[in-house]
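Remarks on the structure that follows.
For ligands, and for the atoms within them, numbers begin at 1 and follow the listed sequence.
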Amino acid sequence: MPDLPVKKSLSVDHLLGVNDLTLEDIEIIFSTADNFKEIINRPIRKVPTLRDITIANLFFEESTRTRVSFELAEKRLSADIINFSASSSSVKKGETLLDTVRNILAMKVEMIVIRHSSPGAPHFLARHINSRVVNAGDGTHEHPTQGLLDAYSIREKLGSVKDKKVAIIGDILHSRVALSNIFCLRKLGAEVTVCGPPTLIPKFIDSLGVSVEYNLRKTLQWCDVANVLRIQLERQNIRYFPSLREYTMLFGINREILDSLDKEVIIMHPGPINRGIELSSDVADSGQSIILDQVENGVAIRMAVLYLLAGRIGYSDANAQPS
Ligand code: CP
């Protein structure tokens, strides 16, 4: 039975973005996640590590994977949980974000996990409240636990991230996953190329240390890993390309294009997938795809983040190691 790692400290009080993390922080999160991954694959998967810590999951925007993954991570750590969704709350009556959160915190909540459509909402909260804040996706800005779990999944599959060639393909412009991936992968020493229609590639993205390529086949021939992003139609209030059919013809990944390469590329996708648009079903469900490994790793990464941040609220887990 493994012991939990000797708790090392993160350099941050909150997880607002991967951009704020040092390389050492990422390595601490990964080594902590290694232990939790082993633990959650045991017959008894629950540890008392966050007993007496209360965490509120505040989802002001839709989510399946992230919401369920955080909730499961919290339950595996024995935290008490409050689940809040904006659609059935007094936000509908005009209550502000800060009032809503302050009211929840008055009920003695130590940590907040927040997804919000406004970039910067978690940063705003972190400046105004005493609880630890974890960003579960803020608009088009960052999705730090997704960036971490994606890099962790590459490390698991290829042994390390350093010097690996990773392509991020699709709607880069609207993607918080792309930005968190870029920050994480570059800090870990990967080479990163973004590929998509010119209208969906932000200007000056090369200032983040990535290359830009518009040809899908060339990109796939170059990379070890292709992280394929969803076309975010809900964030596109103008037309960025003529039609979905044309997008799929130029940037959709299918069996035919993969079979035309002289190598096997690992396929990733953060979900939810638009099947038949950015990724064909036979590719998404193939042995080349590690999409469900990403989902599994998400629980271990989120357990690690919550565990390490709980250490920043002076919570002692000295007697809370798994027995
Ligand atoms: N990857 C991701 O954030 O998925 P959800 O929107 O379902 O949480």
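- Pairs of residues two or more places apart, or lying in two chains, that qualify as ring-ring contact (aromatic ring centres under 6.0 Å, His included) and include a residue from residues 249-288 are Tyr247-Phe251.
- The immediate protein surroundings of ligand 1, defined as residues with any heavy atom under 4.0 Å of it, consist of Ser63, Thr64, Arg65, Thr66, Arg115, His143, Gln146, Pro270, Gly271.
- Aromatic pair His123/His141: centroids less than 6.0 angstrom apart.
- Geometrically, Arg115 does not engage Phe59 in a cation-pi contact, judged by NZ or CZ lying under 6.0 Å from the ring centre and within 45° of the ring axis.
- Contacts classified as side-chain hydrogen bond (donor to acceptor under 3.5 Å, both in side chains) and involving residues 207-226 (residues at least two apart or in different chains) are given here: Arg217-Ser260, Gln221-Asp262.
- By the salt bridge (charged side-chain N to carboxylate O under 4.0 Å, His left out) test, Lys157 is found to be paired with no residue, residues two or more places apart in sequence or in another chain being considered.
- Using a 4.0 Å cut-off between charged side-chain N and carboxylate O, Glu61 and Arg176 make a salt bridge.
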